[in-house]
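A quick write-up on the structure given underneath.
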Amino acid sequence: GDVRGRGLLLGMEMVKDRESKEHAVEEAAKLMDRCKDRGVLLGKGGLKGNVIRIAPPMTINAEQVDQLLEAIDQSLAEL
């Protein structure tokens, strides 16, 4: 639905349909679980709990960013 953030704190709004912006609450929870299985902990936010929060430490390096993105990409592909 939307990606927003400030600094290293990012939020990805999960929606079922880009036109209607219907909240994808179950999908967001499944994404978090699949990422957790891959060693990546994500937060949840938003009024309906459909916003995935990414808040890496300030000391994150390029290799760790690649691992984070790979885990999210693989998890999204499974959904």
Side-chain angles (χ1 to χ4, degrees):
D2 186 32
V3 177
R4 52 191 172 267
R6 179 162 295 193
L8 289 180
L9 180 61
L10 302 172
M12 296 186 313
E13 182 182 15
M14 303 289 289
V15 296
K16 292 182 181 184
D17 179 35
R18 291 182 184 185
E19 297 296 320
S20 69
K21 300 284 187 178
E22 180 184 353
H23 302 293
V25 179
E26 292 178 26
E27 291 83 352
K30 289 178 183 178
L31 176 65
M32 289 178 60
D33 286 340
R34 285 184 167 82
C35 285
K36 183 173 65 173
D37 293 341
R38 290 180 166 83
V40 174
L41 296 177
L42 300 173
K44 176 173 66 169
L47 295 174
K48 302 288 183 179
N50 68 314
V51 177
I52 301 295
R53 290 183 181 162
I54 304 170
M58 295 290 289
T59 57
I60 193 167
N61 61 39
E63 181 182 330
Q64 293 167 329
V65 170
D66 290 340
Q67 291 172 349
L68 168 71
L69 293 175
E70 183 69 24
I72 292 173
D73 185 44
Q74 289 175 355
S75 299
L76 283 170
E78 289 178 5
L79 292 177

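Note that the structure is predicted; figures quoted are calculated from it, not measured. Numbering of residues begins at 1 and proceeds along the displayed sequence.
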*Output yes when a side-chain donor or acceptor of K21 lies under 3.5 Å from a complementary backbone atom of V15, and no otherwise.*
no
*Hey, is CZ on R4 packed in by over 12 heavy atoms from elsewhere, all under 6.0 Å?*
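Buried by this count: over 12 neighbours within 6.0 Å.
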*asked:* Take a 6.0 Å sphere around NZ of K48 and say whether it holds more than 12 heavy atoms from other residues, nucleotides or ligands.
replied: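 Counting neighbours around NZ of K48, 12 or fewer heavy atoms of other residues, nucleotides or ligands fall under 6.0 Å, so no.
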Return the [atom1] to [atom2] distance between [X] and [Y], rounded to the nearest 0.5 Å.
| X | Y | atom1 | atom2 | value |
| --- | --- | --- | --- | --- |
| D33 | E78 | CG | CD | 11.5 Å |
| D73 | D66 | CG | CG | 11.5 Å |
| L31 | M12 | CG | CE | 5.5 Å |

*Please check if any side-chain donor atom of E70 sits under 3.5 Å from a side-chain acceptor atom of Q74, or the reverse.*
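Present: a donor and an acceptor within the cut-off.
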*Using the rule that two of Ile, Leu, Val, Met, Phe, Trp, Tyr join whenever any of their side-chain heavy atoms come within less than 4.5 Å, decide whether L76 and V40 are in one cluster.*
yes
*asked:* Hydrophobic clustering (ILVMFWY, side-chain heavy atoms < 4.5 Å, transitive) - are L42 and L79 grouped together?
replied: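 L79 clusters together with L42.
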*Is there side-chain contact between L10 and V3, with at least one heavy-atom pair below 4.5 Å?*
no
Side-chain donor-acceptor pairs under 3.5 Å in residues 49-59, sequence neighbours left out?
{"unit_1": "N50", "atom_1": "ND2", "unit_2": "M14", "atom_2": "O", "d": "2.9"}
{"unit_1": "N50", "atom_1": "ND2", "unit_2": "H23", "atom_2": "ND1", "d": "3.0"}

*Quickly, which of K30, K36, R38, R34 forms a side-chain hydrogen bond (donor to acceptor under 3.5 Å, both in side chains) with S75? Name it, please.*
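Among K30, K36, R38, R34, the one that satisfies the side-chain hydrogen bond (donor to acceptor under 3.5 Å, both in side chains) with S75 is R38.
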